[in-house]
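Heads up, the thing below is written out as structure tokens.
Heavy atoms only: backbone and side chains are in, while hydrogens, waters and symmetry mates are out.
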Amino acid sequence: MGPLQIKDILQTAPENQSVVVKGWVRTKRESKNAIFIALNDGSTIHNIQAVAEPGQFSAELLLTVTTGSCLKVTGQLVESQGSGQTVEVKITDIEVYGTADPEQYPLQPKKHSLEFLREIAHLRPRTNTFSAILRIRHALAFAVHQYFNEKGFFYLHTPVITASDAEGAGEMFRVTTLDLNNLPRTEEGAINFKEDFFGREANLTVSGQLEGELGAMALSKIYTFGPTFRAENSNTTRHLAEFWMIEPEMAFFELEDNMDLAEDFVKKVITYALTNCKDDLNFLQNRLAEEDKNKPQNERSLPLLEKLAFVVDNPFERITYTQAIEILLKSKPQKEGKFQFPVTGWGIDLSSEHERYLVEKHFKKPVILTNYPREIKSFYMKLDEDGKTVRAMDVLFPGIGEIIGGSQREEDYEKLLGRVHEVGIDPENVWWYLETRKFGTAPHSGFGLGFERLVQFVTGMGNIRDVIPFPRYPKSAEF
């Protein structure tokens, strides 16, 4: 099973037993009476302190024990003499696995900016902040799979390479094996994709939803959890070109069932992190509080654990888009011209500031908005009886606005075909999707949750590039 990790050793009673600790040096300091080495192996936010006596090891060996170097330390686990830890290791032997020249190793014991750490993404998991984020990311991913498994869902792997654009946004990465310096052409001069690997245009997927629906129409309840790609030339703190999506699709679920599932799901997954990542969340909460000290009062965020409790402990308020517009038109920021994007009336696409106002100021709880105008929502959403709105639902959280988008799907073949024509999609490209409405159609619903958006919410990080190990965004595909 491999050596004991630092997380396990720190929970062991100090009974003067022999232990072997392997990890990277965070700090080394020397006093007249002792040499203190703080080691971390990534299993926990906490370091273990290893203590040697002056003169116990050669000066040459100790010169190689620097921040970033990797050691195997053997010694006795004893009760700690100093404050800050309950146990420490009284060293009997040190083996240096790998050195880290202090002149060159960029992660010295000082504060580094998040921008700088993005430039060294191959090393940033060794910092406290990023090791905490990656452990929480793991816990959330595990909780997602556990939740759906316990609810009787089947994990469906939808294709990464696709010929359909689920969102209709058209911002997709092309997949091709054609020689870009010598492209085959048709008689009309267009690129001849019949010569390409798939014999047609192909892209990286923007969503597994359409294929997920096919699975739900056979297995009843499925979910996808995989990478998705958007070639949106956006450099905001909210966008990535490669990110992970969780997309459940359920046969026989109507809008109410969909809302119930979405609320229960996010509450359970966040509760799992609160229960299992206490030390990491406390560390990130303190980090956030330090950052907020320099901001004006109105820009400071809720303490992290309070913000998570805000979601877990409150029933979500459910209102229609039409009700939301009425509230926003009567709101103080609207009347005083404080909204960056004024609310001009029914039919507008709500911006993040409008969503946050509803959650943080008006209802003071998470909100689920439903029944949006058909013009601002996707073609596959079920039309309401009035023909003006669709059975959409967006879940809104404090600090970020929309975190989940979903809907009851249109199960009527003729209505769906009408919407396909309306938005300019060639029915030939989605013939298989339309066919499920011909053969044993049924009411069904689903939603999508951007996993990084969830990790960002739970960790309190301001930039989405800091919650994925190796972010992909315009002009950046390093590492």
Say whether, by atom type as modelled, one donor and one acceptor occur between the side chain of [X] and the main chain of [Y] under 3.5 angstrom.
| X | Y | answer |
| --- | --- | --- |
| Asn276 | Tyr272 | yes |
| Glu247 | Gly208 | yes |
| Arg126 | Asp41 | no |
| Gln408 | Phe253 | no |
| Asp196 | Phe198 | no |

- request: Count the heavy atoms belonging to other residues, nucleotides or ligands that lie under 6.0 Å from CZ of Phe470, then report whether that count exceeds 12.
  value: yes
- request: Please check if atom CZ in Phe173 has more than 12 non-hydrogen atoms from other residues, nucleotides or ligands closer than 6.0 Å.
  value: yes
Could you tell me whether [X] and [Y] make a salt bridge, using a distance below 4.0 angstrom between a side-chain N and a carboxylate O?
| X | Y | value |
| --- | --- | --- |
| Arg230 | Glu171 | no |
| Asp384 | Arg391 | yes |
| Lys338 | Glu336 | yes |
| Lys293 | Glu290 | yes |
| Lys388 | Glu375 | no |
| Glu249 | Arg409 | yes |
| Glu422 | Arg419 | yes |
| Glu213 | Arg437 | yes |
| Lys382 | Asp412 | no |
| Arg318 | Asp260 | yes |
| Arg287 | Glu291 | yes |
| Asp264 | Lys267 | no |

Hey, are the side chains of [X] and [Y] touching, using non-hydrogen atoms and a 4.5 Å cut-off?
| X | Y | answer |
| --- | --- | --- |
| Thr228 | Trp244 | no |
| Glu452 | Arg465 | no |
| Phe243 | Pro227 | no |
| Trp24 | Asn40 | no |
| Arg135 | Ile45 | yes |
| Ile319 | Phe363 | yes |

field: Test item: side-chain donor near acceptor, Thr320 and Gln323, under 3.5 Å
entry: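 Short answer, yes.
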message: With no hydrogens and no angle check, just 3.5 Å: does a side-chain donor-acceptor pair link Gln209 and Tyr380?
response: yes
Would [X] and [Y] count as a close aromatic pair, with their ring centres under 6.0 Å?
| X | Y | answer |
| --- | --- | --- |
| Phe148 | Tyr155 | no |
| Tyr223 | Phe154 | no |
| Phe341 | His354 | no |

- request: Mind checking the CD-NZ spacing from Gln108 to Lys110? Nearest 0.5 Å is all I need.
  value: 8.0 Å
